[in-house]
Amino acid sequence: MLSIMELSFNPAATIDAALRQIISNSDLFNVGFDPEVRPADPRFGDYQANGVLRYAKKNGKNPRELAQAILKAAEESELFDASLVELSLAGPGFINFKCTHAYLGKWLNQFASIDEYQKGAGRLNAGRKIVIDYPSANTAKQAHIGHLRPMVIGEAIARLLDFCGSDTVRDNHIGDWGTNFGTLIMQIKREGVNLDHLNEDPLAQLDQLYKDGSNLEKQEPLLRDQSRAELLKLQEGDPQNTALWEKIVAISKNAFQKLFQQMGVQVDISLGESFYRDRVERVYRELTDAEIAELSEGALVVWHDEVKKFARNNERPYPFNIRKKDGASNYASTDLATILYRVEHFKAEEIVYLTDARQQDHFQQLFLTTQKWFRACDYPLPVMRHVWWGTILGKDKKPFKTKSGESIKLQALLDEARERALAVVAKKNPDLPEKEQQAIASSVGIGALKYADLASNRTQDYVFDWDRMLSFEGNTAPYLLYAVARINSIFRKTGIDPDARMECVGLLETEAELTLARKLMGLSSALDLTLADLRPHFLCTYLFELAGAYSSFYNADKVMVEDPSIRERRLLLCARTRNTLITGLQLLGIEPLERM
């Protein structure tokens, strides 16, 4: 019988494996059949195999006849136990699988804790070595609202990869070797600034020095040559420029670490572009020897004629410039060296980059160049993925800025989030001690910022709205945090530990109980969907729907009834909902609260 299914965190994967085994013993199918098991329309079942239609169309066969043959073979096999799962056929060839009440009870009993969720989810991406490149901030610049998304989305994806079994390396690949250092060093020398005696906000002072230098370059174009010369001196190891650079990087890292702590961002390593400065010569040599790179107007470039916008016959071709005409390296140089290092040092099977949409062309060319280079040199080629996002907009549907038109500083945004959340919390719970109100407000405010970002499809723009994100209604962090706190209050009143081992005695009975149990079982499918394209909004949608299913259950079925078997199974449903919401929120980088 389908004993594995009784214990499977991911029933869809188990059904898929069983169908593949059945099909492998049949002469009706050739190589290449994919059952395509997905969550089903609840009216028909819990899971549905859709692959018959695609296969039949491709091979000129009748889909319903094929589906009937699979259904018959499944029913005759020992892989499906009718007491646990019911099979049926619908439409032109859809095979539906409905888990019985007995199966739902077994599943709830088996997956009783967050640790057991993680053990089950760990099979989704088991042992895969992945380097995730985030938040990759530029040094010597204050973090602004544009840094919110890489921190929030990057941390959520990193946590998701960890939870689903990846061997993840979080690399804060900082920009510490680029053109801006030439401008900054030029301006520091012009003004005679002593970096050991900056004001109380040294990063803000460095940021202003860079802005002043950039403005001077616009007014006096000859200064640009001076800035380029300062950058080249730095890259060639000039002692004075190196000493200035080291102080700038130290100030920047210290400032960003304070933000990381507030945002719950964790990094394993912080290897900036400078780390690869001695490795770029190998890149130049190997790409040239393989006849992938060539000189063009003094610069070393790679052409990708197979892509029209990068092709030489295009009106405005865009070659991939991997070395400037003055001999200095650039982002492309160090990005290529970084990929090679990650493959050789970390044995990376996959590399995930997180940036905004404006860098799509850069990464397309980076990935194309890497593919050609690694194949020519017979290096193991990793999967490379660019996770990009849209823009945060104001209510006027324009990029969100201050009234003066400047980018909003990230620290100011975090401070405002706490202040606004405190007003909401104080109004909702005026009797709580002030210190507790502030602690709750910090979690709610920062959580609301994160969730508003993550709940939006990352490739779309979204409108920043304080009132909406701090609302206790709708798909928001406060709504989900309150759902957890509400369940916590039940267990406080009963004196029962929600983390204690509970068993589902008897079968689930009411429609609300069954709906909630099926939604709880859907966590694995939500993780699978989120993992497929690294889009956290799928997990957010699932958590919101779960909280809604719980609310319907709580309103329909009284938990603390006299019958002990009913009371115990309903408390079990409360505990499992709590665990699942906590798991999901923590994956999103949001810490649940005991009470609100």
Side-chain angles (χ1 to χ4, degrees), residues 136-144 146-147 174-199 201-253 255-256 272-278 280 284 295-301 316 318-335 356 358-359 361-362 399 401-402 404-407 409:
S136 306
N138 288 323
T139 51
K141 294 181 181 178
Q142 293 182 91
H144 52 73
H147 294 94
I174 58 174
D176 64 350
W177 205 241
T179 304
N180 61 309
F181 276 93
T183 301
L184 184 55
I185 291 172
M186 178 273 292
Q187 186 64 12
I188 288 171
K189 289 182 176 181
R190 276 179 61 90
E191 294 196 10
V193 176
N194 186 336
L195 297 184
D196 293 324
H197 297 90
L198 297 178
N199 59 29
D201 191 350
L203 187 59
Q205 195 170 345
L206 288 177
D207 195 355
Q208 189 59 51
L209 283 166
Y210 172 72
K211 290 176 181 177
D212 292 343
S214 296
N215 289 332
L216 276 173
E217 288 174 350
K218 293 174 184 176
Q219 298 168 17
E220 303 177 40
L222 290 177
L223 284 177
R224 292 178 184 171
D225 292 333
Q226 185 179 332
S227 297
R228 293 189 191 100
E230 295 290 2
L231 176 63
L232 191 57
K233 284 168 64 179
L234 171 64
Q235 295 187 349
E236 290 176 344
D238 176 77
Q240 183 184 13
N241 283 13
T242 299
L244 290 172
W245 169 80
E246 288 174 346
K247 291 176 181 178
I248 293 167
V249 171
I251 290 168
S252 302
K253 283 186 175 181
F256 271 97
E273 294 165 2
S274 61
F275 180 78
Y276 303 95
R277 61 184 181 270
D278 297 328
V280 294
Y284 304 148
L295 288 172
S296 176
E297 299 181 11
L300 189 64
V301 305
R316 294 183 62 202
Y318 300 97
F320 196 46
N321 186 339
I322 64 172
R323 187 181 65 203
K324 299 178 182 179
K325 61 183 179 181
D326 62 5
S329 61
N330 58 13
Y331 291 131
S333 319
T334 52
D335 280 352
D356 65 34
R358 293 171 297 179
Q359 296 193 43
D361 280 358
H362 170 79
K401 296 181 182 291
T402 64
S404 61
E406 295 180 356
S407 291
K409 298 297 182 285

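For reference, positions follow the sequence shown, starting with 1.
Rounding to the nearest 0.5 Å gives a distance of 10.5 Å between CG of L184 and CG of N241. Interatomic distance, NE2 of H144 versus OG1 of T402, reported as 12.0 Å (0.5 Å rounding). Rounding to the nearest 0.5 Å gives a distance of 6.0 Å between CE of M186 and CG of L216.
For the 3.5 Å distance criterion, the side chains of Q219 and N215 fail to qualify, holding no donor opposite an acceptor. For the residue pair Q187 and D212, no side-chain donor N or O sits within less than 3.5 Å of a side-chain acceptor on the partner.
Tested against W177 for a side-chain contact (heavy atoms from CB on, under 4.5 Å), the candidates Y331, W245, F275 yield a single pass: W245.
The neighbour count for E297 CD, taken as heavy atoms of other residues, nucleotides or ligands under 6.0 Å away, does not exceed 12.
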| task | Test salt bridge (charged side-chain N to carboxylate O under 4.0 Å, His left out) on D326 and K324 and set out the steps. | result | CA-CA 5 Å; D326 62 5; K324 299 178 182 179; 5.9 Å; no
| task | Walk me through it: do T183 and R224 pass the test side chain to side chain contact (heavy atoms under 4.5 Å, CB included)? | result | CA-CA 8 Å; T183 301; R224 292 178 184 171; over 6 Å; no
| Test side-chain hydrogen bond (donor to acceptor under 3.5 Å, both in side chains) applied to K247 and N194, step by step | CA-CA 10 Å; K247 291 176 181 178; N194 186 336; 5.2 Å; no
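Summarising the geometry of V193 relative to L198, their closest heavy-atom pair is CG1-CD2, 3.7 Å, with the distance given to 0.1 Å. Residues S227 and E217 come closest through the heavy atom pair OG-OE2, 2.5 Å. Taking each heavy atom of G272 and D176 in turn, the nearest pair found is C-OD1, 3.5 Å.
In summary, E230 and K233 engage in a salt bridge, as defined by a charged side-chain N under 4.0 Å from a carboxylate O.
In this pair, F320 and H362 present their aromatic rings tilted. The plane angle is within the 30 to 60° band.
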